[in-house]
Every structure is written in C-alpha cells, then in structure tokens.
Amino acid sequence: MSDYKDTLLLPQTAFPMKANLKQREPEMLKFWETIGAYERMVAAGDPDDTYVLHDGPPYANGHIHMGTALNKVLKDIVVKSRNMQGQTAHYVPGWDCHGLPIEHKVEQELKKKNKELDTLTIRKICRSYAAKWLDVQRGEFKRLGVLGTWDAPYMTMDPQYEAATARELGRFMERDGVVRGKKPIYWCCDCRTALAEAEVEYEDHKSPSIYVRFPMADPKARELADLDVNRLFILIWTTTPWTIPDNMAVAVHPEFDYVVVEAGGDFYVLAEGLLEDCAAKFGWTDHNVLATVKGAQLEGLKAKHPIYDRQSPVVLADYVTLETGTGCVHTAPGHGREDFETGLKYGLEVYSPMNDRGEFLPEVEHFAGLNVWGANPKVIEKLEELGNLMTSRQIAHSYPHCWRCKQPVIFRATTQWFIGMDENDLRTRALDAIRNKVQWIPAWGEERIHSMIASRPDWCISRQRNWGVPISALICEECDETWFDAKWVYAICEKYATHETGCDYWFEAPIEDLVPAGLTCSKCGGSHWKRETDILDVWFDSGTSYAAVVERRAETRFPADLYLEGSDQHRGWFHSSLLASVGTRDLPPYRAVLTHGYVVDADGRKMSKSIGNVIAPQEIIDKFGAEILRMWVSASNYQEDIRISDETLNRLVDAYRRIRNTCRYLLSNLNDFDPANRVAVADLLPLDRYALDMVARRHAAIGQAYVKYEFHKVYHTLHNLCVVDLSSFYLDIIKDRLYVEEQGGLKRRSAQTVLWQTLLMLLEDMAPVLSFTAEEAFQTLPEAIKADLDQTDTVFALRFAPDEVNLPADERARWDMLATVRGEVNKAIEPKRKDRVIGKSLDAHVTLHATEAVRELVAAEDLDAREFFIVSKITLADVADLAADTPIGVFVAEDVKDLKIAVEPAPGVKCERCWRISEDLGTDPAHPAACPRCTAVLKTLV
RNA sequence: GGGCCUAUAGCUCAGUUGGUUAGAGCGCACGCCUGAUAAGCGUGAGGUCGAUAGUUCAAAUCUAUCUAGGCCCA
C-alpha cells in the first residue's frame, strides 16, 4: 500500500517550517551585507524615477526605543516598497549630534571629577560621546533589518554639515531675516549663566507673598462707577517683590468678572471670584461692591507704578487665572515668559536692569547694587512706606533651582538672536506652503502645524552653550554692538567645511583671522572685536538638513518627497525645516509629510519608567525576532497611537507562521517545476485561471496600499490571501491534482504555473515588511525557477511581471457562486461528521438538490466538481422534485436560494493511491487497489 | 487651561455620500484529518459600535456635552 505513496508527487522543500528567527536573522544580516543587498535593490530601479525619503535624525544619545524602532521600520517599508515598485529610492540615515542633552551628560560626568573645562575640550568630549551612541544606534537599527547607507550616514556634527548649517544662517542674514532682541530666560546668578528648561530643577523654596496696590488715577475709570479716581487702586499679588521695580503693566483676563469695591474709604479693582479671599487677607469687614465689569473693559486704563513715577497700563492676557492672588497680574516683561509675550503684544519695554550677578544697575533708584534676594525686603519696605503694600507674609512653594549649584534661579531678559517671523513675510509664506504646497498624511497634520506657525513668536535661535554650531558674528568690545555679513559668513563656512573638527575653527582661530581688516564699529567707531559665543538652537541644525544633505548628496534631491516622523515633530523637525527652507529657498523642503502616533501599552497608556510598562525593541527581538516587530509595525494603523502587548505579539507570531507555511507549501510544490513548462493563461484550467486572477487582484491591492502608505492594509490583505484564498481554498482543492496527476501533464503544470507566479508575487509583497522571511524563501527557490529570473542575489531586486489574466466579470461571478455553494456543502457535511457518518470530506457522496442554474454551474464540463468540493461523488437533482417537507437529514442552504444538500457515505472502495472512494477499483489487474484515474497515471510511470 | 487626535467583538483591522439581522482574519470552543504534520481542513459561539443628550422616518456613521487616553503648548 505504501508502494503507491512512492508514486505520488508529494511536496518537498529545504525551506524549514520552523523560523528560528533569533538565530537566522543575524545570519541574514551578514548575508545582505556581503552581497550588498541595499545597493542591488537600489540599482534594480529606474534611475530616472527617483523617490526621496529624507530621514529625520534621531538624537545620538541612549539606546533606541519602540518609538524610534517604529519610525525606522516604517521608513524601511517605504523605501523597500518604492524600490520594488520600480522606482529608485535611496535611504541616507542621519543623526542629530549637537545639543544640550549630550552636553549636559558630559558636564555631569565632568562635575563628578570636579573638572571645569574650556569650550574646545567640552566639545571634543561631546563629539566622541555622540559618536559612541551613533554607533550603538546604528547597530540597533541595522538589527531591525533596515537597509540604507549605514556606512555613510549624515550627522549634524560632520564638518560639511556644520558648514551648511552656518551657511543657512548666512542666507537668513543676507535676506535680513535675522534680528537681535531681548528675551527672558532662566538665569543662575550664582553660576552667572543662562539655563535651559531642562537644566532647571524644581524644589521647595520660601518666598515673600505680597499684595500690592497700583494707583489708578485715570479719569476714564469714572466710567466704571461713580467714584473718586484719586482713591482708586488695582490690586496685584506676587511672590517676587524684586521684580516690582521692573513692572510695566497689570494684566487681567478679558472674560473674567472684575469688581470695583469700596473698602476703608478707598476703591479697589480685583476679580470677583477672589474678592472674599482678599477681603479676608486684608481684614476688610464692611466693603461693598460698586460695580462689576468684564476684564476686557479695563483694557487701556492707566495705572501708576507703586514706587516710581511712571505708568503701568492695564492689559489683557488669557493666562490669568482665579486660583490665587487678585485676578490682576503684575507684569514684568523682562522677568517672565508670559509677561514677555504680553509685552510684545502691547509694545511694553523689556526692562531688566541688572548684571550677571542679579544686581540692580546704578540707574535703579532705591535698589541699585542690591541683588534680587537682597532687594526683596527693601522693595517690601518701600511699598509699605508709600502705603501701597496691602499685606505681606512668607510662603513655601515649588521654585526653579539651578541643577549645578542648587541655588534658586531667576528669569532675566537677555539679548538673543531670532529668526523673525514677519521679516520677509516668513510666517505668511510658511502658512501658504502648508496650505498649498505640501500633502499632509494624515490630513489633520495640516491644521495642526498651521495653527502652530500662525501663532508662534519669533524663533529664538541662540543658546548660551558649547556643543553646537556657533553663530558667526562679531561683537564690539567697546559698545557691545554686533556685526555680521553674509559674504563674510560664507567665507568662514568654507573654513568649517575643511577643518578637521568643523566649526571648532570658530573657537580656535585667532580673532584677527576672523575679523575683516579695518572693520570698525558702526555705532561707536571702535575696532576691537570679540567673537559671539552663542551657538545655534539644535532645531536649526536639523532643520537645515535639506541644505546639508538633501541638496548635497548624490542619492537625494531637493525637495524631498517625504518626511516621516512622529506627530511630535509638527512642533519639531517639520516645523523648523519648513521655516528654514521657506526662509532661504521660498519652498518647503518636502512634498509630503507623514506622521505616526506613539507606541503605548496594552491599555493605551504611554510607556514610562515610573509605571514600569516600558517594552524595549531588544526584548521583542530576543523573544520573537525583528521580523515579528516589523510585522507589528505593518499590522498596526500607525496614524493613531499604537498599542503593543504580549497578546498582540502572540497573535502576530501565529499569523507569521501561517504566512511562512504558505510560502513553504508553495515552494514545496514547485520543487520540480520549470517556468519553461509554464502554461499560457489561455490554456490554464479555469479554476487555475480564476485563482491566478484572484492572487493578481490581491497583489494589485497590496501594491496600491504600499503607494498610499496604508501598511496595515498590506498586512491584512497578505494574511487573508494566505489564509482564505490560498490555504483553505485553492491550495486545498488542488492538492489532489498536484499529488496524484501525471508529473508533466497539463493538469499539474497548470496548477504549478499559478503557484509559481503566486509565490513570486507573494515574495514581492512580503519583502518590504517580512524582509527576512521573504529573502530566506527567495534563496530557497527551486533552481529552475531561479534560472528563469533576471537575478537571484536578493529578493529586494526581484521585479517579477506576472501574466495578465483580466478575468471577465461573469467568469469571476461564476466562481464566486461556486465558492458559495462549496461553503454550503461544507456546512452540510458538518452534522454528518458529528454523527460519525463522515470523516474527511472525501468520504462523502453529496447530492445537490438545486435549481437549474446551480446544477449547470456544478455540471459544467470545465469544472472537476469532485476536486472542487473535495468529495468522492456528486449527484445532481432538481430541487423541485424534493418533497415540500425537506426530509430529515437533508441540509437547507443558508446563503443559496433553493439549494438542499444530502450527504451520505460515498459508495465503493477507497483507492489506495488517491484516497478517493471509487466504484470501479481494479479495472487493471496490475493495480487492483487503484481507481481508473490512478491506473492510467501509473501506467505512464513504467 | 488651549490646539490637534483617538475610542467598533479577547487581539489587529473593515465599515463608501447616515438606510435591510455591524463585517474580516486571528484567538477561543467543538469536530475532522494524519500524503503541508510542533502542519492542514470544517463548523460554531463572541460586539449595539466609550457614555449621555440631541438632529432625523432612519446614526457606529451628523451635532453637543462628558469620560478615558495620546501628542504639542501653557
């Protein structure tokens, strides 16, 4: 009996069922490296049809996390799919190397060793620190199976890059887009240095809490109520009395209700909601409300400074709250972020008359020479003396401190460099670009970035730090006036580009090498210059990558087709790149911007160390393999936040096995196939033609999904193809033919022709996502199939053109109907299986009581119905002949009208070769246990 | 507090311009097979669409509010 098994053509392949990804992936990476898979992939495309995905540079600090892994895999899918669809798409990865986090880290290390170092040494250490992490991340990205020019990435600390960044600043200078202005920043009086947001630590601190009244002898105030304006005051509250000398305004909320109250013979303006709270604090007992007005009505009233003889107008601001205080906010534009913004709006002076130590300058009456902490009690004293102090006490609250010296810090206005949003209509042009020149994916990105650009203040591009690209400008030693010139900047940029450590040149060069001969200060006529020591905001670094990379590298061109980053980059890289490019090129740097969401845990919460729900890419690679991580990326809808959990991953592992096995089965049934023996579409068995059409349709859908960046559709379509169309339908049906029929016969070759094309389409569709597996299968292709291909180096250079089927719609409808009937037959068999009458479907004799239409379909000459339904006998009968009451045991179809199905054991004996039950076994004495079909095949074998 | 976004079966996703009993695959349950075998096949049970209130003859699909969550600001 087992003799017959040897006469069958059973599947055979070296492609293992078990993936063993953990071990095989690193081998595959080595293989790709050896053969130059990336180069071959890119070389296989049309050199005139380029596609540029420009990589946003991750920060070269720390290991990669799920977010960066997601981002890089998405980019890899884009790049691979574009190449495999015939375009030429290079991938030049980059890194963001400058900036505070690295400098901070390095400084912390140095502090431990009690070292204070000069700029150049700090820069040197930062440089090697960034290089170290760049290398680590490069290894981690490569491990994910991402292909690109890993040996020649771009980095913002590269001399050429630094020169390009500095040059872009020169371009802004050339267009008069750069302005100098005051801005309040965190300042440590102890370290005498500016601090970044990240360098400030909040700790408890005791501060005075004072309520102050500002006289408001504005005649216009009579409109509020019938009162004596000489006795009218507006009340404020503050915990920084030392900023009172620099007060320039009082802010109220336009929509809050404010009251005018009479108390102790005076009149006060304050928020209605805080009246009782204040009355209690001031000891008011018999106050009464004279009027209630909206904050907006107070705008423009002229209050007077409580100490000095100058005005302090009432202004409007949205950030005013009713939590504490009076609802009227003391506003000193030189000492607060919001105060500063309000100051800009109302044209208030940014007044901050103090030195690096936080000491008031001589011009400040009453407080000259005092530092801010010393000034606090003196200011209170003075207010009391003038009768404008309502009450004073001490409170403990959270207050910013310097991370280095742990001393409390202050907000202090300093001179900074800005890209003006309204210089050269930058804002207008950027907004126009957002609306008209860029495709935002998803579409809401447009609204998001538009509103950000519409409302943002000037871009402060200067930082008082060491690790970055210097702002190339000179400062007059005598009068502090700055000097710069675009041509001069360009010349210096040439030095950066050729200097071994780039713009270290700026800090190393003797000053006389930098200063143009005979340069004199336009303000004071002086001729002694020092270099500007501020560096550029790192967002300016990365924001100029279009100039440093996209325009300059041979692999890319300006503008890029796509920028692809997380949704936080609407404020970050998309934003800075747009402003820089529009400001210097009048064009956005990208044609389309795609954003993805954040990786969150199973419950949709963000990953954080404190919650302990962080999953590292490495964990997934170790447990499942990078392939599963890639699959997770494609299975998820990245436009929303993406959840990841063990359940999700386990489901994906199941799906992976299914896809892998489908590949394996296709490979194993093609081991004896030679494309030279392919069957032309016209000669294919109708079922096979239908199957090929079906696969081609799925293939086209997947191609479309790739183009539209809808990768989760790729995954779902791919999975459905393998599971529904192939595994449980087509492959199951044609098993009989593949195993049993004559090896070189049409029936078998017809099926194999379809399997062969299916496999190659499948591999193409898989490769951008399931790169490791697609390559593994590609390398395992039977020799004859390989011989037929243009190349066999790598799956990424596979460009297979399947036969065109274009099945007529009615033919497709016919098969769809048959498939539905097949489903009904399966349902009909099921109860018999429960009754143990039927085991496998081949045991069955099925009688279809059907309409003429269905009977014609099933009886069609070009359909092997027994094969199609995988049963041993089929009988057709007119449903009308069946008794009106359906006999017991006959199944009534659910999805096909007038179809009733009877199932019984097939008569006859099982053919030992094909396992079909036959009523005429042994027609040939030589093969007593074989059916006529098998007998015929057996005869050809001798 | 503001801007933008999300919320459909255990999981991952579909649900066209509002219109018959809300779909798919996986997982699960039960069964079959042992010639894809640490595979393969079949059948079945699971959602009333985050909540509430509206608009409408009719809403998962439109509006408002709320809840939970995310990004970016403050």
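Letters go in sequence order (proteins before strands), and every chain restarts at 1.
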Could you encode protein contacts along nucleotides 69-74 of chain B as a string, one character per nucleotide from 5' to 3', using B for base contact, S for sugar-phosphate-only contact and - for no contact, with a heavy-atom cut-off of under 4.0 Å? SSBSSS
Using the ring centroid of each side chain, check whether A:Tyr399 and A:Tyr202 are separated by less than 6.0 Å. no
Sequence-distant partners of A:Arg660, salt bridge (Lys or Arg N to Asp or Glu O under 4.0 Å), two or more places apart: A:Glu776
Show which side-chain atoms of residues 823-832 of chain A pair as donor or acceptor with protein atoms under 3.5 Å away, not counting sequence neighbours.
from, atom 1, to, atom 2, distance (Å)
A:Glu824, OE1, A:Glu894, N, 3.0
A:Glu824, OE2, A:Lys827, NZ, 3.3
A:Glu824, OE2, A:Asp895, N, 3.0
A:Lys827, NZ, A:Glu894, OE1, 2.9
A:Glu830, OE1, A:Arg833, NH1, 3.0

Under the salt bridge (Lys or Arg N to Asp or Glu O under 4.0 Å) test, which residues partner A:Asp765, sequence neighbours left out? none
Check this for me: A:Gln12, atom CD, are more than 12 non-hydrogen atoms of other residues, nucleotides or ligands nearer than 6.0 Å? no
When Watson-Crick pairs (N1 to N3 and N6-O4 or O6-N4) and G-U wobble pairs (N1-O2 and O6-N3) count only below 3.5 Å on both distances, what is the dot-bracket string of RNA chain B, with | for other-strand pairs? (((((((..((((.....[...)))).(((((.......))))).....(((((..]....)))))))))))).
Student check: side-chain heavy atoms of A:Ile733 and A:Phe729 closer than 4.5 Å: yes
Please tabulate, one pair per line, each protein N/O and nucleotide N/O from nucleotides 37-41 of chain B that are separated by under 3.5 Å, including the distance.
from, atom 1, to, atom 2, distance (Å)
B:U37, OP1, A:Arg664, NH1, 2.5
B:G40, OP1, A:Arg658, NE, 3.1
B:G40, O3', A:Ser727, OG, 3.4
B:G40, O2', A:Lys735, NZ, 3.1
B:C41, OP1, A:Arg658, NH2, 3.0
B:C41, OP1, A:Ser727, O, 3.3
B:C41, OP1, A:Ser727, OG, 2.9
B:C41, OP1, A:Ser728, N, 3.1
B:C41, OP2, A:Arg658, NH2, 2.8

Tell me which residues in residues 699-719 of chain A lie within less than 4.0 Å of RNA chain B, going by non-hydrogen atoms. A:His712, A:His716, A:His719
Looking at every strand, decide which applies to A:Arg660 at a 4.0 Å heavy-atom threshold: base, sugar-phosphate, or nothing. nothing
Salt-bridge criterion met for A:Arg916 and A:Asp736 (N-O under 4.0 Å): yes
Relative to its sugar, using the 90° cut-off around 0, the base of B:G10 is anti
Anything under 3.5 Å between a protein N or O and an N or O of nucleotides 8-11 of chain B, put it in a table, one pair a line.
from, atom 1, to, atom 2, distance (Å)
B:G10, O2', A:Glu647, OE1, 2.9
B:G10, O2', A:Glu647, OE2, 3.2
B:C11, O4', A:Glu647, OE2, 3.2

List the residues meeting side chain to side chain contact (heavy atoms under 4.5 Å, CB included) with A:Thr648, not counting sequence neighbours, and say none if there are none. A:Trp632, A:Ser645, A:Leu652
Toward the 5' end of RNA chain B, by each residue's nearest nucleotide, A:Glu824 or A:Asn720: A:Asn720
Tell me every residue that passes salt bridge (Lys or Arg N to Asp or Glu O under 4.0 Å) with A:Asp725, counting only those two or more places apart in sequence or in another chain. A:Arg698
Mind jotting down which residue pairs meet the salt bridge (charged side-chain N to carboxylate O under 4.0 Å, His left out) criterion with at least one end in residues 702-711 of chain A? Sequence neighbours excluded, please. A:Glu710-A:Lys713
Charged N-O contact under 4.0 Å between A:Glu742 and A:Lys747: no
Taking side chain to side chain donor-acceptor pair (under 3.5 Å) as the test, write out the residues that go with A:Trp440, two or more places apart. none
Kindly indicate, with the supporting measurements, whether the criterion side chain to side chain contact (heavy atoms under 4.5 Å, CB included) is fulfilled by A:Asn671 and A:Thr13. CA-CA 7 Å; A:Asn671 77 85; A:Thr13 179; 5.9 Å; no
